[in-house]
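Presented below is the structure to which this report refers.
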Amino acid sequence: MRKRYPPAGLRLLGALAVLSLAAGCRTPRSAAVPAAPAEPSAEALARYADGLVHEYGGRPAEALKSYRLAIELDPNRSAPYARALAAHVALVRAGRESPLPEALARFAEAYPHSAEPMRWLARLHRAEGRTDEALAAFEAGLRRSPDDGELHAERLALLVRDDRTAEALEALRAAIRREVSPRALAPTAGELLKRGREAGDADAESGALAVLDTLRSRAGADAELLLLLAELYRRGGAGDRAKATLAAAREAAPERPEVYLQTALTAFAREDFAQARRVLAEGVAVVDRPLDLLRLLAEAATQDALRLEPAAPEAAAEAREEAIDAVRRLLESVPREAALRLRLADLLILSERFDDAIAELARVEPDQEELRAQIAHRFLAAGAPGDAIAQLQALADERPDDVQLQSVLGEMLEQAGRRGEAIEAFARAAAAPEAGPLPHARYAALLAEENRMEEALAAVDAGLEAAGEQALLVETGALLRLEMGRFEEALAWLGRLRALRAPGEEGELPPRFLAHRALALQYLGETAEAAELLAAAMAGDELAVEAYVYRAARLDRADETGGRAAATRTVLEALARALSDEPLVLLYAGLYEHQAEAYAAAVEIFARAVRVAEEHPHRADRLTPQFYFVYGAAAERAGRYEQAMELLARCIELDPDHALALNYLAYIWAERGMNLDQALVYVRRALEQEPESGAFIDTLGWIYFQQGRFDEALVELKRALEFEPEEPTILDHVGDALHALNRTEEAIPYWLRSLEHGPENPEAVRAKLREAGVEPPEEEDAAAEPEPPEEEAPAEPEPPAASDAEPPEAP
């Protein structure tokens, strides 16, 4: 939720504005004579401050009045004009009349020697699409202030935007003759060069080059201008000129990192990574703080290694070493940057320096668990000689007390699906003399995933005994108790966690802590306090509601009484009332109902989210393509097929490459035998992105079936079965295709297997078997009904990457 400024904040904001304006304001003078530098007028400052108070209080009409008074008192300063224009826009958007256009015209007449009224009148015309009026106002402003580079730049940009290329070139030449600041003119010349080259307009291209060359001749040793010109040459495809200009910039200012960065980027554009490496290494040697140079050097060296690898392995190894050195130097300055640590591990693994890569894990902070898992995954994906796990296992056997080595092995085994062995590896890591809290926490989390909850609690206790009262272990203990339904104990452990905060951490509690505490309280009947805590958590991190909803949904499924679900719904409804302008709350409340398979309720809540977003347009970005996908999926599950198709189409309109939505809508059409040609287009687009998706291939086959193309349907449906051999919907479809081809005897085993694995509509499958002369098994003998197939089940939105990963937690 957005914070509102309290009255004290408004007063402070006004005071700050007064101070900032005082630095450059002037007292009013005669309208006919330009104002001379003087101390700011207290009256003008006061009117400006009043305008700010009104503006931030949501009163644009009153704000505009105050700003107009400030302009009358001091017509030569930009700040009141800028805020007046903002207030004007607010009034227009609210459908109200604004007196600003007439006021600006009056100011322009009243102060004929000031360019400011004309500048802002031109900007107002431009903002409202009156190009000719805006150009006329800019020209009038230039008659008052012929050397004003900003006015020239804005007029030129408007000419280019309106495709008046010849006028723009003539205006550029006239400005050069007046010796207007080259920095004001260069961007327009560069844009004309780029456009002329792309459009094949030789006159525009040659004219723009001539202007840039003239500006280059006037640049002298101005490194900043040389860098700008070099970049404009490069964008316009004038590579040789860009290279020569960059060389001049490096000679003029060898200490500036930008000259090396631009030269390297020019080399990157030519895929000359060796040249980029040389330039960047030169810059790293002379620039005081070369962090950006080191980043690009690491990339250049990595790319050069890839280029050299097949033909020159030794040179490739040398390039990788240069990249490794660059990344290590960067990590000295930013040790917590996960992407860099992951890059270093990749480079070390590619260089087969496995011990060094493992050592990097010792430098990963305890709260960066996701990074640790990613590095372990890199070992698996690296294709090291032999079996990566076997190699690491051999090293781990030699060094049983090496905490980092055992932890990496555990992560690799976990990612390979060998959870039992992973638990053993983390048990060894936790038992090592130098084990910190992290191995104990991971050991406990894996035990919990195996539903060995008491052992998991014992692992936490052992960790606390060995490592002391560590926040990570206390939080893990609290989460385990939440999962076990021991809510009073969880609350007590969260209290222990709060007590562990450092003396200087007396401010707001972390959002994650507040969300966990809210869960424990709501299940103890304190739903009002839980809602307040969750609102506070969202004030610190608006996605705290996401973690809350997913955990609550999991806990509520384990409760057969329904009491927990009622508590969660009460909290979410209270939260939606408290944050009435925030559709995000309703979005996740709808997701909660979706996970609870209460699809009709989910649809109603999603509809409320849309209404809130419409009432508060600044929140419209909440309604992402993924939102419409899940909303559409819920509507389809609720039997509202027309609405579902509209919502999925909206998702595709916003994201034409949304593979799940493309497939889902295609499948709905196929099921109903409608829009089959368009359904084929959509599912093929989905398959371009995920060619091995059994669900997508099944949709393709089912469309062929509905078109009567039974042979092609059978081929695709059997191919889908290769990827998902136990999916009941695909098995049912294969049976239907065989039956349509008069191969009913072959269809029967597929229908039986479908029934065995629990189709969404088992009675329909039984009817087909009976029609084929086979008595299906009794309902109580069939498998329990599973989740619906992938093509009909929406995927939940992927949680955004958190700035700090959560500790290991039980499922």
Which one of Trp669, Phe696, Tyr664 satisfies the ring-ring contact (aromatic ring centres under 6.0 Å, His included) criterion with Tyr682?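 The residue from Trp669, Phe696, Tyr664 that satisfies ring-ring contact (aromatic ring centres under 6.0 Å, His included) with Tyr682 turns out to be Trp669.
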Do you know the tightest heavy-atom contact between [X] and [Y]?
X      : Y      : result
Arg766 : Leu755 : CG-CD2, 3.9 Å
Val327 : Ala298 : CG2-CB, 3.7 Å
Ile668 : Ala644 : CD1-CB, 4.4 Å
His733 : Asp698 : ND1-OD1, 2.8 Å
Ala772 : Trp751 : CB-CZ3, 4.3 Å
His739 : Ala747 : N-CB, 4.0 Å

Among Glu424, Glu449, Glu411, which residue meets the salt bridge (Lys or Arg N to Asp or Glu O under 4.0 Å) test with Arg419?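 When salt bridge (Lys or Arg N to Asp or Glu O under 4.0 Å) is applied between Arg419 and each of Glu424, Glu449, Glu411, only Glu449 qualifies.
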Tell me whether the rings of His658 and Phe629 are parallel (<30°), tilted (30 to 60°) or perpendicular (>60°).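 His658 vs Phe629 ring planes: tilted.
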What orientation do Tyr631 and Phe606 show, parallel under 30°, tilted 30 to 60°, or perpendicular over 60°?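 Correct class here is tilted.
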With salt bridge (Lys or Arg N to Asp or Glu O under 4.0 Å) as the criterion, how do Asp304 and Arg307 come out once you've worked through the C-alpha distance, each side chain's angles and the decisive distance to 0.1 Å? CA-CA 5 Å; Asp304 210 23; Arg307 179 184 65 84; 2.6 Å; yes
Sub-3.5 Å donor-acceptor pair from the side chain of [X] to the main-chain atoms of [Y], do we have one?
X      : Y      : value
Arg551 : Leu479 : no
Gln406 : Ala396 : yes
Glu724 : Ala695 : yes
Glu414 : Ala422 : no
Glu337 : Ala339 : no

Greater than 12 external heavy atoms within 6.0 Å of Glu712's CD: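 Enclosed: over 12 neighbouring heavy atoms sit under 6.0 Å from CD of Glu712.
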Check the surroundings of atom CD in Glu745: do more than 12 heavy atoms from other residues, nucleotides or ligands lie under 6.0 Å from it?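 No, not enclosed.
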Rounded to the nearest 0.5 Å, how far does [atom2] of [Y] lie from [atom1] of [X]?
X      : Y      : atom1 : atom2 : result
Arg640 : Tyr599 : CZ    : OH    : 14.0 Å
Gln689 : Asp657 : CD    : CG    : 5.0 Å
Ser754 : Asn761 : OG    : CG    : 10.0 Å
Gln275 : Leu280 : CD    : CG    : 9.5 Å
Ile605 : Leu587 : CD1   : CG    : 10.5 Å
Leu731 : Arg753 : CG    : CZ    : 5.0 Å

Does the pair Leu446 and Glu450 meet the rule for a side-chain contact (heavy atoms from CB on, under 4.5 Å), with working shown? CA-CA 7 Å; Leu446 287 174; Glu450 291 289 295; over 6 Å; no
Decide yes or no on salt bridge (Lys or Arg N to Asp or Glu O under 4.0 Å) for Arg770 and Glu763, but give the supporting numbers first. CA-CA 10 Å; Arg770 291 191 184 99; Glu763 201 47 54; 3.3 Å; yes
With Glu653 via side-chain hydrogen bond (donor to acceptor under 3.5 Å, both in side chains) - residues at least two apart: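 Only Arg650 meet the side-chain hydrogen bond (donor to acceptor under 3.5 Å, both in side chains) criterion with Glu653.
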Return the set of residues passing side-chain hydrogen bond (donor to acceptor under 3.5 Å, both in side chains) with Tyr628 (not counting sequence neighbours), or none when no residue passes.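 Here no residue qualifies.
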Where do Glu299 and Arg295 land on the salt bridge (Lys or Arg N to Asp or Glu O under 4.0 Å) test, with the steps shown first? CA-CA 7 Å; Glu299 180 63 24; Arg295 289 180 191 278; over 6 Å; no
Under the side-chain contact (heavy atoms from CB on, under 4.5 Å) rule, what do Phe273 and Leu306 come out as? Steps first, then yes or no, please. CA-CA 10 Å; Phe273 302 118; Leu306 293 172; over 6 Å; no
Given side chains that start at C-beta, do those of [X] and [Y] come closer than 4.5 Å, heavy atoms only?
X      : Y      : answer
Leu438 : Ser407 : no
Lys768 : Asp732 : yes
Tyr750 : Ile730 : no
Ile697 : Glu722 : no
Leu572 : Tyr588 : no
Gln707 : Ile703 : yes
Glu542 : Arg622 : yes
Leu591 : Phe627 : no

Arg672 NZ/CZ over Tyr641 ring centroid, <6.0 Å and within 45° of normal: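 Ring-cation test returns yes.
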Who passes side chain to side chain contact (heavy atoms under 4.5 Å, CB included) against Arg608, sequence neighbours left out?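 Per chain and number, Arg608 pairs via side chain to side chain contact (heavy atoms under 4.5 Å, CB included) with Glu573, Ala576, Leu586, Arg611.
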Which is it for Glu597 and Arg557 under the salt bridge (Lys or Arg N to Asp or Glu O under 4.0 Å) test, yes or no, and what are the steps along the way? CA-CA 11 Å; Glu597 299 183 5; Arg557 280 195 295 269; over 6 Å; no
Verdict with reasoning, Leu265 to Leu296, per side-chain contact (heavy atoms from CB on, under 4.5 Å): CA-CA 9 Å; Leu265 288 171; Leu296 199 55; 4.2 Å; yes
Begin with the C-alpha distance, continue with both residues' side-chain angles, and end with the deciding distance and a verdict on side-chain contact (heavy atoms from CB on, under 4.5 Å) for Val683 and Leu662. CA-CA 6 Å; Val683 77; Leu662 289 164; over 6 Å; no
Check this for me, if you would: do Arg709 and Glu716 make a salt bridge, where the nitrogen-to-carboxylate-oxygen distance has to be below 4.0 angstrom?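 Salt bridge absent between Arg709 and Glu716.
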